[in-house]
There are 2 protein chains.
Amino acid sequence: MAARGSYAKGVARREEILESALDVIGRKGYQNASLKEIAEVVGVTPAALLHYFGSKEELFTAVLRKRDEHDGLEPSVLDAQDAVEGFLEVIRHNTQVPGLVALFSRLSVDAADPAHPAHDYFLERSERLRSTIAESFSSEQQRTTLDPDTLARIIQAASDGLQLQWMIDPTVDMPGIMAALIDALQPAAAKTTD
Amino acid sequence: MAARGSYAKGVARREEILESALDVIGRKGYQNASLKEIAEVVGVTPAALLHYFGSKEELFTAVLRKRDEHDGLEPSVLDAQDAVEGFLEVIRHNTQVPGLVALFSRLSVDAADPAHPAHDYFLERSERLRSTIAESFSSEQQRTTLDPDTLARIIQAASDGLQLQWMIDPTVDMPGIMAALIDALQPAAAKTTD
DNA sequence: GTCTATACTGGGATAGAC
DNA sequence: GTCTATCCCAGTATAGAC
C-alpha cells in the first residue's frame, strides 16, 4: 500500500527535515528555530516544510516522536538490569541535549491546549512512562508507603520539574537529585537480591 | 520623588493593564493572549501597553511579580502554623487560577534564555522559595536522609512538574500527590510537638 | 507624561503555478 | 508531489498630538 516510486523521495525529505529541525534547535534553541531557518538548512522554502507537516507545531511534535524512537526512554529503562539505573542514565543523557529538553518542556506547556497537536502525544506518552515506572520500581522496593501510580506521578513530576530548574541554572545536578529522591523513597532495605 | 499629580493616571493604567492581561490569559489561554486583544480590553492601542512595559515579555513578567505580591507564596507558607499545610494551601489555590499556572509554566521555559526579562526573576524567586522550604521543613522533620537544599529542590521540582501534568489532565490531584510525597519523605515519626 | 497613528520586520500559513 | 508567490497577523520602533 505504500512505497510506490515517487513516495521514496518524500519519505527521505521528511527524515531530512526532522534531522535539520533537531540540528537548528540544538544550535539556536527552540525559540529561535524558525521554519525559515530550518528550511534553509534543508535547502528549500518554509512552505515545503508545511507540505510535509501541516504546521510548525506538528513538525516539532514529530521531532519528539522521532526522539522517542531512536533514543527513547522505554527501551533504556526496560533493558537495563537495574531499572533505576536505566532511568538515571536517560536523565544523564538529557544533559547532553539541551535543545531537546527545551523543546520537550516547551511543548509540555503548549500541549495543555486540547487543540494542540501534541496534546494526545503527551497524554499517551505520560501514561506509558508512568506504568513503566510503576512496574519497575514497585518490584524493587515493595516497602514504600506510596501506591504505584502516585509514586510514578511523583517521579515523573520531579524529573520534569528538575529539567525546568536545570534549564535556568545548568549547574543543577539532575541525576544526583533524582537519585537522592529515589533513595529517600525507599524507607528501609535497599536491595535484597532474593 | 513620586506621586506628582499626573502620575496617578499612569499608575492606575498600569494596574488596569495587568488586570486585563490576567483576564485575557484566563479566558483565551496564554498562547492566544496578544497585545492587541489585551489592549482592546483596556480600550487603548497595543503601543500604549509598550509605553508602560517595554515588551510583551516584560508585561507578562510583571503579571507574575504582581501575583507574588498579593497572593504570594512566602507569606502563606510562613504565616501558617503548619508550614506544610500552608504550602499545600497554595497548591490548592493554584487549582483555581489555571491561567496563572499556564503563564508561570510558560515563562519558566522561556526564561531559560539569560536574555529573557524573567530570567533573573525566576532565579531569585526559586532561591527564595527553596530557602523557605528548607527552613520550614527541616524544623518539622529532622529525620530525613536528604540535606535541606536537595529536599527543597525536590519539593519545588515535584510541584512544578505536577502543574505540567495537571494542565494536560486537570483530573490530576496536585495537593493530594504533594501531600503523599511530603509524607513519604518523613521516614519515621510524624509530629513531635516538642 | 500619556497616548494614537503609522510603518516596518519577521513569523506562519494559503493559493495556485510548475 | 513540490515549491514560489503572496498574504495576514504578530510584536515592535518612531513621531508627534494631546
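Please read these numbers as outputs of a predicted model, since none were measured by experiment. Note on naming: letters A, B, ... go to the chains in the order of the sequence lines (proteins, then strands), and numbering restarts at 1 for each one.
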Could you go step by step and tell me if A:Thr150 and A:Asp147 meet the side chain to side chain donor-acceptor pair (under 3.5 Å) rule? CA-CA 6 Å; A:Thr150 300; A:Asp147 68 284; 2.6 Å; yes
Give the B/S/- string for nucleotides 4-18 of chain C, one per nucleotide from 5' to 3', where a protein heavy atom under 4.0 Å of the base yields B, of only the sugar-phosphate yields S, and otherwise -. BB-----SSBB----
Can you tell me the distance, in whole Å, between the OH atom of B:Tyr30 and the P atom of D:dA10? 14 Å
Let's go through A:Gln165 and B:Ser126 carefully: what are the C-alpha distance in whole Å and the side-chain angles of both, what is the deciding distance for side chain to side chain donor-acceptor pair (under 3.5 Å) to 0.1 Å, and is it a yes or a no? CA-CA 9 Å; A:Gln165 288 181 36; B:Ser126 293; over 6 Å; no
Compute both the distance and the angle, then confirm whether A:Lys56 meets the cation-pi test with A:Tyr30: under 6.0 Å from the six-membered ring centre, within 45 degrees of the axis. yes
Rounding to an integer number of Å, can you tell me how far B:Lys28 NZ sits from D:dA10 C1'? 14 Å
State yes or no: do A:Leu103 and A:Leu123 share one hydrophobic cluster built from I, L, V, M, F, W and Y residues joined by side-chain heavy-atom distances below 4.5 Å, directly or via other members? yes
Phosphate-side-chain proximity, A:Tyr52 and D:dT2, N/O vs OP1/OP2 below 4.0 Å: yes
Using whole Å, what does the distance between atom C1' of nucleotide D:dC9 and atom CD of B:Gln31 come to? 17 Å
Test: B:Glu69 and B:Lys66 ion pair at under 4.0 Å: no
Run the ring-centre check on B:Phe104 versus B:Phe122 and record whether the distance is less than 6.0 Å. yes
Please state whether the phosphate of D:dC3, meaning OP1 or OP2, lies under 4.0 angstrom from any side-chain nitrogen or oxygen of A:Arg13. yes
Atom-to-atom span, CG of B:Leu49 to P of C:dT2 - whole angstrom: 14 Å
